[in-house]
Amino acid sequence: ASAREAPELREAAEALQAAIELSEEEGEMADAARARYQMALIRSLQGEFDAAEGLLRDTLRVLGALPGDDSVVISSCHYHL
């Protein structure tokens, strides 16, 4: 089976979506952004490149506006774009 159809990736995407929603509800925007980055990697593996790009750009926008050192995630976002 292709990555697009892999049940493990589908399950991981569902778990990450739940993590994004919970993080946002709790006001943990950096955590939500990191989960979006991970979701982008899954979407890319599934061949959903437009969705992946949007998630990466959202991650950069949020992490770039927040204090803290997320340089590894930010660098990885740029790499994948």
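None of the values given here were measured: they were computed from a predicted structure.
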*Might you work through the salt bridge (charged side-chain N to carboxylate O under 4.0 Å, His left out) test for Arg34 and Glu28, ending with a clear yes or no?*
CA-CA 10 Å; Arg34 289 184 206 104; Glu28 299 294 337; over 6 Å; no

*If every non-hydrogen atom of Asp31 is compared with every non-hydrogen atom of Ser23, which pair is closest and at what distance?*
CB-OG, 3.7 Å

*Listed by chain and number, what are the salt bridge (charged side-chain N to carboxylate O under 4.0 Å, His left out) partners of Arg10, not counting sequence neighbours?*
none

Counting only pairs under 3.5 Å, give me each side-chain donor-acceptor contact of residues 71-81, with atom names and distances, residues two or more places apart or in other chains.
{"unit_1": "Ser71", "atom_1": "OG", "unit_2": "Asp69", "atom_2": "OD1", "d": "3.0"}
{"unit_1": "Ser76", "atom_1": "OG", "unit_2": "Val72", "atom_2": "O", "d": "3.0"}

_Contact summary for Met39 and Ala13, nearest pair of heavy atoms_ = CE-O, 3.2 Å

*Taking every non-hydrogen atom, the tightest pair across Ser44 and Ala52*: N-CB, 3.9 Å

*Can you tell me how far CZ of Arg36 sits from CZ of Arg57, rounded to the nearest 0.5 angstrom?*
15.5 Å

_Euclidean distance, Arg43 CZ relative to Leu41 CG, rounded to 0.5 Å_ = 11.5 Å

*Does Leu56 share a hydrophobic cluster with Leu45, counting links as ILVMFWY side-chain heavy atoms below 4.5 Å and allowing steps through other members?*
no

_Could you see if Leu55 belongs to whatever hydrophobic cluster contains Leu16? Use Ile, Leu, Val, Met, Phe, Trp, Tyr and a side-chain cutoff under 4.5 Å._
yes

*Considering all heavy atoms, the nearest Val62-Ala33 contact*: CG1-CB, 3.8 Å

*Does Ile42 share a hydrophobic cluster with Tyr37, counting links as ILVMFWY side-chain heavy atoms below 4.5 Å and allowing steps through other members?*
no

*Mind checking whether Ile20 and Leu9 sit in one hydrophobic cluster, side chains of I, L, V, M, F, W, Y counted as touching below 4.5 Å?*
yes

